[in-house]
Amino acid sequence: MRISQLDGKRVALWGWGREGRAAYRAIRARLPSLALTLFCSVDEAADARGLHDPWLTIETQASAERLGGFDWIVKSPGISPYRAEAVAAAEQGARFIGGTALWFGEHAAARDGGRTLCVTGTKGKSTTTSLLAHLLRAGGHRTALAGNIGLPLLEALDPPQPPEFWAIELSSYQTGDVALGGARPDVAVALNLYPEHLDWHGSQARYVEDKLRLLTDARPRIAVLNATDPVLSALSLPDSEIRWFGDATGWHLRGDALWRGEREVMDTASLPLPGRHNRGNLCAVLTAIEALGLDAEALAPAAASFKPLPNRLQPIGERDGIGYVNDSISTTPHATLAALDCYSGKRIALLVGGHDRGIDWHGFAQAMRTRAPLAIVTMGENGPRIHALLAAVAGEGGFALSAARDLAEAMAQARAALGAQGGVVLLSPGAPSFGPYRDYVARGRHFAELAGFDPDAISAIAGIGIA
């Protein structure tokens, strides 16, 4: 699907965040007089009116009746196609597409567009995509780092000097878009699958189905899959060559040692990749690089110069004997358990809870019988539900349990639990930030402020763009 194919059609934009604005600019660059209707919030409408675009109509109510009157609706990723009004509009003939699909449509037609490497997974995809770009750049390859990590693909639609490789992070909101674009990724990496985003997808089964569309529908030339994930390891992809990581015949870890088959390559304990799960994802990166025909073993040592991403097990400093770790990106109980494993043996006060997506916390609570930190503070919309589960095992687990109204109160309770002996306050909420915060970045910034540190110093993600 190319942007030019929208010409002469009834076209709407739904959403006016960064992705929506990028879609608008890309369409306008190619179709300057195409009539567009924008559906957005009242606050966003004021910003859009400032464009003074005579071909742009702005509406603040996206009803099924109005949406159903369009041929194509260019939808922002955060808007679920399973919403009632979207389903009804589709039944009336409206077709939905996203910026990712439009980019792939343009990329398929580009003469020198660079090779595409797409990375998805419930957890670890941002770090993995960034590490992939870092190692490729270390090898002298001009590489774009874009997608869900913070740079919409349509903002990099027409680079003055095309990169050799595109390292693209895709969320489950975007994976289905790739096939619509009509271009097969050269390499698609799938890291893991855990329950997530159930409010957007509607069910765990649909989440898995949508996530796997990067593999099943987009038919990458090479699929790099985690041999230890039960869903991924059972996949059959007749249109793709499969390369496994985490398998003894390929790139894998033995303890902290990185191995390629039966050859030990390097020790990973000192790498700036917090958590064994992140060092395991280095295996995914090296497998993807090898799939490109490059010398992955020669590039592996460059991981030592990687700069960790903010909000992902990020140590932000120490005050009065207490260290603070910002893992605001943690939006599932699985991610929180991985964070606790990174700090095993330390005095930890853990902050959990946030927006309630209906994810099951029973497994987390059962794990706290034997893997609990010193103290756990619950907060947020799903805080009471998590608190009730933890209260049933607190005696056996031997941890202090308290409940807070918000992050500020949770921080105060965590400090009190650690006391004069000190320790680490770990923000790994296992839930999204929606409600009090616009996103996990805003939550991480507030955590840094409450800890007494400059939030600007901990927020920037290095490497986004083309270099």
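Excluded from the calculations below are hydrogen atoms, water molecules and symmetry mates; all remaining heavy atoms, backbone and side chain alike, are included.
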Under the salt bridge (Lys or Arg N to Asp or Glu O under 4.0 Å) criterion, do Glu209 and Lys211 qualify, and how do the steps go?
CA-CA 5 Å; Glu209 180 183 355; Lys211 198 76 161 172; over 6 Å; no
Quick one: does [X]'s side chain get under 4.5 Å of [Y]'s, heavy atoms only?
{"X": "Leu157", "Y": "Trp103", "value": "yes"}
{"X": "Leu273", "Y": "Pro308", "value": "no"}
{"X": "Trp14", "Y": "Leu67", "value": "yes"}
{"X": "Val187", "Y": "Cys118", "value": "no"}
{"X": "Leu180", "Y": "Met1", "value": "no"}
{"X": "Leu117", "Y": "Leu292", "value": "yes"}
{"X": "Leu13", "Y": "Arg21", "value": "no"}
{"X": "Thr249", "Y": "Trp244", "value": "no"}

Stepwise side-chain contact (heavy atoms from CB on, under 4.5 Å) test for Glu169 and Gln174
CA-CA 9 Å; Glu169 180 195 341; Gln174 300 165 314; over 6 Å; no
Say whether [X] and [Y], considering side chains only, have a donor N or O and an acceptor N or O under 3.5 Å apart.
{"X": "Tyr440", "Y": "Arg312", "answer": "yes"}
{"X": "Arg279", "Y": "Thr268", "answer": "yes"}
{"X": "Thr175", "Y": "Thr120", "answer": "no"}
{"X": "His134", "Y": "Ser305", "answer": "yes"}
{"X": "Lys123", "Y": "Thr331", "answer": "yes"}
{"X": "Trp251", "Y": "Glu290", "answer": "yes"}
{"X": "Asp210", "Y": "Tyr173", "answer": "no"}
{"X": "Thr122", "Y": "Tyr207", "answer": "yes"}
{"X": "Asp43", "Y": "Ser41", "answer": "no"}

Does any N or O in the side chain of [X] come within less than 3.5 Å of the main-chain N or O of [Y], such that one atom is a donor and the other an acceptor?
{"X": "Asp327", "Y": "Leu313", "answer": "yes"}
{"X": "Asn382", "Y": "Gly353", "answer": "no"}
{"X": "Arg142", "Y": "Gln161", "answer": "yes"}
{"X": "Asp229", "Y": "Leu193", "answer": "yes"}
{"X": "Arg28", "Y": "Leu34", "answer": "yes"}
{"X": "Gln5", "Y": "Arg2", "answer": "yes"}
{"X": "Ser240", "Y": "Pro220", "answer": "yes"}
{"X": "Thr336", "Y": "Ser428", "answer": "yes"}
{"X": "Glu381", "Y": "Gly354", "answer": "no"}
{"X": "Arg243", "Y": "Ala288", "answer": "no"}

Are Thr143 and Leu145 close enough, and set up right, to give a side-chain contact (heavy atoms from CB on, under 4.5 Å), and what steps lead you there?
CA-CA 7 Å; Thr143 301; Leu145 175 59; 5.9 Å; no
If the plane angle is over 60° it's perpendicular, under 30° parallel, otherwise tilted; pick one for His107 and Trp166.
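Perpendicular.
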For the residue pair Phe434 and His355, categorise the inter-ring angle as parallel (less than 30°), tilted (30 to 60°) or perpendicular (more than 60°).
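Correct class here is perpendicular.
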Ion pair [X]/[Y], N-O distance below 4.0 Å:
{"X": "Lys75", "Y": "Glu19", "value": "no"}
{"X": "Asp341", "Y": "Arg371", "value": "yes"}
{"X": "Arg254", "Y": "Glu264", "value": "no"}
{"X": "Arg30", "Y": "Asp7", "value": "no"}
{"X": "Arg263", "Y": "Glu297", "value": "yes"}

For side-chain contact (heavy atoms from CB on, under 4.5 Å), just list the numbers for Leu31 and Ile3, CA-CA rounded to whole Å, side-chain angles, deciding distance to a tenth of an Å, and then say yes or no.
CA-CA 8 Å; Leu31 301 172; Ile3 293 174; 4.1 Å; yes
Surrounding CZ of Arg25 (heavy atoms of other residues, nucleotides or ligands, distance under 6.0 Å), is the total greater than 12?
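More than 12 heavy atoms, drawn from other residues, nucleotides or ligands, come within 6.0 Å of this atom.
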Nearest heavy atoms of [X] and [Y], plus distance in Å:
{"X": "Gly444", "Y": "Ser328", "value": "N-OG, 3.5 Å"}
{"X": "Arg438", "Y": "Ser433", "value": "C-OG, 4.3 Å"}
{"X": "Pro429", "Y": "Ser330", "value": "CG-O, 3.6 Å"}
{"X": "Arg221", "Y": "Asp186", "value": "CB-O, 3.5 Å"}
{"X": "Ala133", "Y": "Ala167", "value": "CB-CB, 4.1 Å"}
{"X": "Asn281", "Y": "Gly124", "value": "ND2-CA, 3.9 Å"}

Can you check whether His252 and Phe245 have ring centres sitting under 6.0 Å from each other?
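They do not qualify: ring centres at least 6.0 Å apart.
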Please determine whether salt bridge (Lys or Arg N to Asp or Glu O under 4.0 Å) holds for the pair Glu85 and Arg66, giving the CA-CA distance in whole Å, both sets of side-chain angles, and the decisive distance to 0.1 Å.
CA-CA 9 Å; Glu85 61 267 45; Arg66 286 292 294 127; over 6 Å; no
Evaluate the criterion side chain to side chain donor-acceptor pair (under 3.5 Å) for residue pair Asn311 and Asn326; output intermediate values, then yes/no.
CA-CA 5 Å; Asn311 300 296; Asn326 171 24; 2.7 Å; yes
May I have the step-by-step check of side-chain contact (heavy atoms from CB on, under 4.5 Å) for Leu38 and Glu59, ending in yes or no?
CA-CA 6 Å; Leu38 168 65; Glu59 300 187 22; over 6 Å; no
Ring pair (Phe, Tyr, Trp, His ring centres under 6.0 Å) between Trp16 and Phe39: does it pass, once the steps are laid out?
CA-CA 8 Å; Trp16 195 243; Phe39 294 97; over 10 Å; no
When rounded to the nearest 0.5 angstrom, what is the spacing between CG in Leu170 and NZ in Lys125?
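If we round to the nearest 0.5 Å, Leu170:CG and Lys125:NZ are 9.5 Å apart.
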Dump the intermediate steps for salt bridge (Lys or Arg N to Asp or Glu O under 4.0 Å) on Arg184 and Asp239, then the final yes or no.
CA-CA 11 Å; Arg184 294 179 68 186; Asp239 297 316; over 6 Å; no
